[in-house]
Amino acid sequence: MSKPFYITTTLPYVNAKPHIGHAVEFIRADSIARWKKLCGFDVFFNTGTDEHGLKIYQKAEQAHMDPQAYVDKAAAEFKELLPMLGVSPDANFIRTTDPHHIKAAQEFWRIVDKNGYIYKKNYSVKYCVGCELEKTESELVDGKCPLHPLQDLELINEENYFFKFSAFQKPLLDLYEKGGPILGKSKLPFVIPESRQKEIRAFVERGLEDFSISRLKSKMPWGIAVPGDESQVMYVWFDALVNYVSAVGWPDDSFKKWCVDTGGMVQYCGKDNLRQQSAMWQAMLLAAGLPSSQNIIINGFVTADGGVKMSKSLGNTIDPLTLVEEFGTDAMRYYCLRELSPFEDSPCTPERFKDAYNANLANGLGNLVSRVMKMAETNGVKALNGEVKLPDAYETGLSEYNLKKSMDAIWDLIAESDKLIQTKQPFRLMKSNIPERTEGRACIETLLGNIYMIGIALKPFMPDTSKAILDCVDNNNMPAAPLFLRK
RNA sequence: CGCGGGGUAGAGCAGCGGUAGCUCGUCAGGCUCAUAACCUGAAGAUCGCCGGUUCGAUUCCGGCCCCCGCAACCA
């Protein structure tokens, strides 16, 4: 029986179109999922869409659409993106409007309620008469609606259900203290990178406030009904976050394979989700008596040049689909895995993408495969069979969820091979006398070994390219067409 | 004194106590197996500022300046 492994992305809210940040998360999580599969694990890889909430409801209204029809369309856009990014076809795609998820969310609520962590309380919301909308603190400028700064906000009181987040300060701190899985002599932090764990720990240490988990159905009709109270629907937290367990069958016992036997789920998310995933969701799991996650990996943001935030109004956004169409799926994966910082913010522009593509895929990887295979083909040199020992940095990078480190290890091999060709000049040796030819042959065999290793190492990251390289070595011929054409 | 991250060659990053490194770009040379690709070398940095610890600090400590997120219900 192979050991199980469970990894999940966050579910994008279908309020907006897929952006490059989503692509980064899908691609990285997919790479880990593929790697674990190659290591012999039985892998469950989860992603999907978050589809409830007022914003969706309003968008559907604007479009004169039924909310369900609206989210069906929006979810399809995300689902269609996955194959474009090379995400494994066997990835699970959960939608928070799935009947099973709705039942699970309600069951989750009942259990947490039964355990005494849900109560009703007065909740005051700020309402802008001008916009006819409720406003959150982060939407306000100097305590006023930026669109109607002359009007005062009205305070509206309503009864909502609250979650006793405050009861989980100590358990959460213990969870962070306990950390993640053992790795060699060291231990991974619970939240990766460590700087993010520090950040969330500081937040929890400051003290936690209970948060509201329901809305009046009369004001927000598009949501999951609160069990035992027809007048309320669930707010996002007890709806969307529960997908991580509903996706693997919970409340059915089958979930244990993925949440218990694995040592916990591994979660990928953006840094805007630090709090939700590593504090709120973990507290909810504890409240429901469910096992904690194993690791939470926090990605940085993709920015425009100079670290400027991408936004539609600035017109500096990047459409992942456009890049895939121009450069291909594996080029997109390459960029997200190696050119973007694994944990910090990093810039992406079409120019940067193109530069990286030409330098490392066309001139680097693709060209190396061509030149080595040409020498092998014309001289009839075949690869030697032997075990492939991947570089240590490659392995540790993956184990630490630092995929850039693993990619760098592969590109070190490429540089090494280019250097070897230049210093040994096997193409010249092959034209000389017998003894030199033997040396040249040995050199080409070494190079074929390197290429083969690169092909193996690329499997989880760039599956199509990996296959193309391994095929070349197996068939002892040049690629039919350059792997990556210069742009 | 809200929290966190950052300021290192033209750009993007790594290093984190002992001749300052990588990638792209620029310039010169080499090679011809390869996708005008590849290899070598050069130019280019007072490592944000001021103090302190130290034989020695980009690296540790303190202060200051500047940038960027977050500041809870944002899905």
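Sequence lines set the chain letters: A, B, ... in the order given, protein chains first and strands last, and positions in each chain run from 1.
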Presence of salt bridge, Glu326(A) and Lys487(A), under 4.0 angstrom: no
With the criterion set at under 5.5 Å between ring centres and under 30 degrees between planes, would C33(B) be stacked on Phe427(A)? yes
In whole angstrom, give me the gap between the C1' atoms of U35(B) and G15(B). 34 Å
By the 4.0 Å heavy-atom rule, please label Lys424(A) as base, sugar-phosphate, or nothing. nothing
In whole angstrom, give the distance that lies between atom CD1 of Ile192(A) and atom C1' of G4(B). 18 Å
Take the protein atom CD1 of Ile410(A) and the nucleotide atom P of C22(B), then report the distance between them rounded to whole Å. 21 Å
Has Lys198(A) got a side-chain N or O lying under 4.0 Å from the OP1 or OP2 atom of G5(B)? yes
Within the 4.0 Å heavy-atom criterion, would you say Gly270(A) contacts the bases, only the backbone, or no part of the nucleic acid? nothing
Figure out the CZ/C1' separation between Phe343(A) and G69(B), and round it to whole Å. 18 Å
Remember a base hit wins even if backbone is also touched, and classify Pro347(A) as base, sugar-phosphate or nothing at under 4.0 Å, heavy atoms. sugar-phosphate
Please work out if Gln276(A) contacts a base, only the sugar-phosphate, or nothing of the nucleic acid, heavy-atom cut-off 4.0 Å. base
If you count every heavy atom of other residues, nucleotides or ligands that lies below 6.0 Å from Lys354(A) atom NZ, does the total exceed 12? no
Roughly, in whole Å, what's the span from CZ in Arg352(A) to C1' in U23(B)? 12 Å
Protein-nucleotide distance (Lys405(A), atom NZ; C22(B), atom C1'), rounded to Å: 16 Å
With the side chain defined as heavy atoms from C-beta on, Lys271(A) is closest, among G69(B), C13(B), C3(B), to G69(B)
Provide the Watson-Crick or G-U wobble partner of A36(B), both distances under 3.5 Å; none if there is no partner. none
Please give, in whole Å, the distance from G30(B) P to Arg428(A) CZ? 13 Å
Gap between atoms CG and P, on Leu274(A) and G5(B) respectively (whole Å): 12 Å
Report, as a single string ordered 5' to 3', how protein heavy atoms within less than 4.0 Å touch nucleotides 35-43 of chain B: B base, S sugar-phosphate only, - not at all. B-SBSS---
